[in-house]
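It should be emphasised that the depicted structure is a prediction, and the values quoted were computed from it without experimental measurement. Residue numbers start from 1 in every chain, and the chains themselves are labelled A, B, ... in the order their sequence lines are given, proteins ahead of strands.
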Number of protein chains: 2
Amino acid sequence: MNQPARKRDAEATQTAILETAQALFVEFGMDAVSMRNIALQSGVTKSLIHHHFQTKEQLWCAVKERMFAEYAEMQMAIFDSMPGGPDMLRHTIRVYFNFVREHPEIVRLWCWTCLEGDAQAGFVERQLIQRGVAKLSEAQEKGLLRADVNPMLLIVQLVGMTNQWFLARERYQMWAEPSGEQPNNWDELFLAQFERLFIDGVSPSDNETSS
Amino acid sequence: MNQPARKRDAEATQTAILETAQALFVEFGMDAVSMRNIALQSGVTKSLIHHHFQTKEQLWCAVKERMFAEYAEMQMAIFDSMPGGPDMLRHTIRVYFNFVREHPEIVRLWCWTCLEGDAQAGFVERQLIQRGVAKLSEAQEKGLLRADVNPMLLIVQLVGMTNQWFLARERYQMWAEPSGEQPNNWDELFLAQFERLFIDGVSPSDNETSS
DNA sequence: ATTGCTACTGACCGACCGGTCAGTTAGTTG
DNA sequence: CAACTAACTGACCGGTCGGTCAGTAGCAAT
């Protein structure tokens, strides 16, 4: 009677476990987090986690699937909202950049899965990326994009540049002079320069704009 | 008498331990590697590792310092070899890209230290980066580089883009159609496009080239 | 009320973890 | 030669790990 022994609600329990596990795994890495710790922090017994997810490995997979699903939904929305005009790339960069800024945990997940060589993750993203490639190819046919860029590599570069920034942002700030403090619009400075370098190189040159 | 009990050579022993630890740590991450495993694979007893490096944490630090030192030496050489002409950036990108391609372990180390939030690492790199910033500022004064780019962010973007490519290369390849196999010059394609987008955006525009 | 299902608990397991320590052995110094 | 230092060994420690299992308890169907 000390504890009401939890409300009997499998779904809520699983969600609680997943959210706690997600926070811990993403922060410290799968190996550095114990099942005991997850149990403690989510207010659930260790056995119960095993009851719902069997093994630590499977819990980790469940966390990854959950996060990638959320990411995929968002990414798909970005592709769908791409304007057809010349501002397409600028818009896309900004939307993706802001999404990642508000969900830095997705970058850490990305990074952990890259390091562990998770083969699953790549396949999950494939149809997503091919949607983007189709969009970009379309834009090329309309003359909105240089014909000599590879759409998939363009996505790699756009996504990669953004991801690595949010992964190592704090590290980069240490590179600057410690005197005078950091500008707190560091993100905006980066985005502006990224956009400038990227877009100016990506936009069709003058002799091919009017096709 | 079964084993000649090792040649009594502290330096060689430490090197053997460091090399084994480096390979394992970089591959699997610090938490996933046990001292027993390092001992086994380097042909040394576990106690001997503790004798030379005290704790696992200190061994990890020794590995990081060793690798960063090697990296710093190389990076410094790149800065020093920067040509003063208009090909400066193109040359720098290629040299750095090729260095990382031949030392992919440095990217993994980079990534592990980012995820664990290693504060030390950032400071180690600082003087290195400021050397590069000085070089780029110089180039700007000579009109070889747009005046409106931030040199430090430029380095962040150059290094970051390259690093993330070699971190997630295998993952990106899964994005492509499984049919028709990958081109084995994937690296060159990426580099070419990276260069094109980056340089064309970075070069001074026509009205400021002749200062 | 009984049955059946399953969310949930707590005690327990063997394996492995990082680290310690007393002791052995090889090389150097005097 | 003896004396000393430091490289090196193997047995051992307390603690934590992921995982199991027999049992309890809440809820729905009959």
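- Counting to the nearest Å, the P atom of C/dC16 and the CG atom of B/D31 are 18 Å from each other.
- A search for salt bridge (Lys or Arg N to Asp or Glu O under 4.0 Å) contacts involving A/R90 returns A/D87, A/E195, not counting sequence neighbours.
- Taking the salt bridge (Lys or Arg N to Asp or Glu O under 4.0 Å) definition, one finds that A/E125 meets it with B/R171, sequence neighbours left out.
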Residues 65-76 of chain A, side-chain donor-acceptor partners within the protein, below 3.5 Å, at least two apart:
unit_1 : atom_1 : unit_2 : atom_2 : d
A/Y71  : OH     : A/Q75  : NE2    : 3.1
A/Y71  : OH     : A/Y96  : OH     : 3.1

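- You'll find the ring centres of B/Y172 and B/F190 outside the 6.0 Å limit.
- For the pair A/Q54 CD and C/dA7 C1', the interatomic distance rounds to 13 Å; values are reported in whole Å.
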Every protein N/O lying under 3.5 Å from an N/O of nucleotides 11-17 of chain D:
unit_1 : atom_1 : unit_2 : atom_2 : d
D/dC17 : OP1    : A/S34  : OG     : 3.2

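- Evaluation of the salt bridge (Lys or Arg N to Asp or Glu O under 4.0 Å) rule for B/R36 yields no partner, not counting sequence neighbours.
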What protein N or O atoms touch nucleotides 22-25 of chain C N or O atoms at under 3.5 angstrom, if any, and at what distances?
unit_1 : atom_1 : unit_2 : atom_2 : d
C/dT25 : O2     : B/R8   : NH1    : 3.2
C/dT25 : O2     : B/R8   : NH2    : 3.0

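- The nearest heavy atom of DNA chain D to B/H51 and to A/T55 marks one nucleotide each, and the one closer to the 5' end goes with B/H51.
- Counting only residues at least two apart or in different chains, ring pair (Phe, Tyr, Trp, His ring centres under 6.0 Å) contacts with residues 15-56 of chain A comprise A/F25-A/W60.
- Regarding contacts with the backbone of C/dC8, a side-chain N or O of A/H52 is found under 4.0 angstrom from either OP1 or OP2.
- Across the protein-nucleic acid pair, B/F53 atom CZ and C/dG19 atom P stand 14 Å apart, rounded to whole Å.
- Taking atom CG of A/D9 as the reference point, atom C1' of D/dA25 lies 16 Å away to the nearest angstrom.
- In this structure, A/L48 atom CG and D/dG26 atom P are separated by 15 Å, rounded to whole Å.
- Judged as a side-chain hydrogen bond (donor to acceptor under 3.5 Å, both in side chains), and not counting sequence neighbours, B/K46 has no contacts.
- Partners of B/R169 according to the salt bridge (Lys or Arg N to Asp or Glu O under 4.0 Å) rule, which considers only residues two or more places apart in sequence or in another chain, are B/D187.
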